[in-house]
Amino acid sequence: MLNDTLTPVTWRARPRSFVALMGLYESNYIRLSWLAGDLVALDGQHRSLVAGDCDLLLTLTERSPYTSTVNLTYLLPREGLPREGLPQEGLPDEGGESRFPDMQLRIYHDAHLAEAHEWAGTHTQPVLKALRTHAERELDQRWARNVMLNKWLEYCVERGHRFSSATRLAAAK
């Protein structure tokens, strides 16, 4: 497994600068590849199931020669519903699961960068709401989204989540 913290750099970027943000995007790409393998080959919708953690859903929504767009989200059981009753194949049951943080990621294959492009328009979770509220400038908003993505990707890998051909869901008919 690659460890981007051991990668030597020949420059030092100012914290929260544009250059440092590009370094964060590179780190996101590395962590996303830990989770999903070859990012150029991503296709369809995948659901990672790990005992003791929420299901993780990855959906390819757009592909072009140099970029891909995916949605990445946890599927959280709604209050009062047993987890065993939730569907394990196909699209999630809209009545049985909530999606958090529901992030849209843009993957730049030629540059080996991954950017948290969007996340849910509103948040009920206090920490996510605070991140959005305190980030006023566009650069601050990008930092908030991408630092959160970076830590979340590493957490998902540590929990044992992985996407592969075995996690691909059958296409809806």
Side-chain angles (χ1 to χ4, degrees), residues 1-2 24-125 127-128 131-132 141-142 144-173:
M1 184 178 295
L2 295 174
L24 182 59
Y25 288 2
E26 183 179 16
S27 180
N28 288 344
Y29 185 92
I30 291 168
R31 283 168 168 67
L32 186 58
S33 67
W34 291 348
L35 191 63
D38 182 7
L39 300 179
V40 175
L42 272 179
D43 195 24
Q45 185 175 50
H46 296 262
R47 189 171 186 159
S48 175
L49 306 161
V50 172
D53 199 16
C54 299
D55 296 356
L56 190 61
L57 189 69
L58 176 86
T59 307
L60 178 73
T61 59
E62 183 182 328
R63 179 185 305 282
S64 69
Y66 302 105
T67 64
S68 295
T69 303
V70 298
N71 286 344
L72 184 66
T73 191
Y74 265 134
L75 299 175
L76 306 173
R78 293 237 169 103
E79 297 293 321
L81 292 175
R83 189 175 194 284
E84 298 80 41
L86 297 177
Q88 296 302 313
E89 294 183 14
L91 295 173
D93 176 5
E94 293 298 314
E97 298 168 322
S98 297
R99 295 170 181 245
F100 288 105
D102 202 18
M103 287 190 130
Q104 182 186 77
L105 314 179
R106 174 91 23 93
I107 303 165
Y108 301 91
H109 301 293
D110 54 342
H112 290 209
L113 303 175
E115 171 191 11
H117 196 264
E118 288 182 14
W119 55 6
T122 59
H123 297 288
T124 57
Q125 303 298 323
V127 173
L128 294 177
L131 272 173
R132 181 168 287 239
Q141 291 176 17
R142 288 175 186 243
R145 284 191 309 261
N146 285 282
V147 165
M148 191 269 187
L149 172 64
N150 196 270
K151 293 179 182 305
W152 183 38
L153 289 171
E154 188 166 351
Y155 175 80
C156 289
V157 168
E158 287 177 359
R159 296 292 297 175
H161 285 287
R162 297 293 185 281
F163 297 111
S164 68
S165 59
T167 64
R168 185 158 189 228
L169 299 174
K173 296 178 181 169

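Being a predicted model, the structure only gives us computed values, none of them experimental.
A heavy-atom distance below 4.5 Å is not found between the side chains of Thr59 and Val70. Contact annotation: the side chain of Leu56 approaches that of Leu35 to within less than 4.5 Å [non-hydrogen atoms, C-beta and beyond]. Here the side chains of Tyr74 and Asp102 are not in contact, with every heavy-atom distance at 4.5 Å or above. Within the 4.5 Å cutoff, the side chain of His109 has heavy atoms near those of the Leu39 side chain. At a threshold of 4.5 Å between non-hydrogen side-chain atoms, the residues Glu115 and Leu105 do not count as touching. When side chains are defined from C-beta on, Leu149 counts as touching Met103, because their heavy atoms get closer than 4.5 Å. No side-chain heavy atom of Asp38 sits less than 4.5 Å from a side-chain heavy atom of Ser33. Contact annotation: the side chain of Arg162 never approaches that of Val50 to less than 4.5 Å [non-hydrogen atoms, C-beta and beyond].
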inquiry  = The test is side-chain contact (heavy atoms from CB on, under 4.5 Å); show your working for Tyr29 and Leu24 and say whether it passes.
reply    = CA-CA 9 Å; Tyr29 185 92; Leu24 182 59; over 6 Å; no
inquiry  = Let's go through Asn146 and Asn28 carefully: what are the C-alpha distance in whole Å and the side-chain angles of both, what is the deciding distance for side-chain contact (heavy atoms from CB on, under 4.5 Å) to 0.1 Å, and is it a yes or a no?
reply    = CA-CA 8 Å; Asn146 285 282; Asn28 288 344; 3.1 Å; yes
request  = Give the intermediate values and the outcome of side-chain contact (heavy atoms from CB on, under 4.5 Å) for residues Leu169 and Leu57.
outcome  = CA-CA 10 Å; Leu169 299 174; Leu57 189 69; 4.0 Å; yes
task = Give the C-alpha distance, both sets of side-chain angles, the deciding distance and a yes or no for side chain to side chain donor-acceptor pair (under 3.5 Å) between Arg47 and Thr167.
result = CA-CA 5 Å; Arg47 189 171 186 159; Thr167 64; over 6 Å; no
inquiry  = Show, in sequence, the C-alpha distance, side-chain angles and deciding distance for Arg31 and Val157, and conclude whether the side-chain contact (heavy atoms from CB on, under 4.5 Å) test is met.
reply    = CA-CA 8 Å; Arg31 283 168 168 67; Val157 168; 5.9 Å; no
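Nearest heavy atom pair, residue Ser48 against residue His161, reads OG-ND1, 2.7 Å. Contact between Gly52 and Arg159 at its shortest, heavy atoms only, is O-NH2, 2.7 Å. For the residue pair Arg145 and Ala116, the shortest heavy atom distance occurs at NE-O, 2.9 Å. Pairing each heavy atom of Arg106 with each of His117, the nearest pair is NH1-NE2, 3.6 Å.
Leu58 CG to Thr73 OG1: the interatomic distance, rounded to the nearest 0.5 Å, is 10.5 Å. With rounding to the nearest 0.5 angstrom, the CD atom of Glu62 is 11.5 Å from the CD1 atom of Ile107. A distance of 8.5 Å separates OG1 of Thr67 from CG of Asp110, quoted to the nearest 0.5 Å. Note that the OG atom of Ser68 and the OH atom of Tyr108 stand 11.0 Å from one another [nearest 0.5 Å]. Annotation: the span from Cys156 atom SG to Glu154 atom CD amounts to 10.5 Å, rounded to 0.5 Å. Atom CG of residue Leu76 and atom CG of residue Asp55 lie 9.5 Å apart, to the nearest 0.5 angstrom.
Between the side chain of His46 and the backbone N or O of Ser164 there is at least one donor-acceptor pair closer than 3.5 Å.
Taking the ring pair (Phe, Tyr, Trp, His ring centres under 6.0 Å) definition, one finds that Tyr25 meets it with nothing, sequence neighbours left out.
Between Thr61 and Asn71, the side chains place no donor N or O within less than 3.5 Å of an acceptor N or O (distance only, hydrogens not considered).
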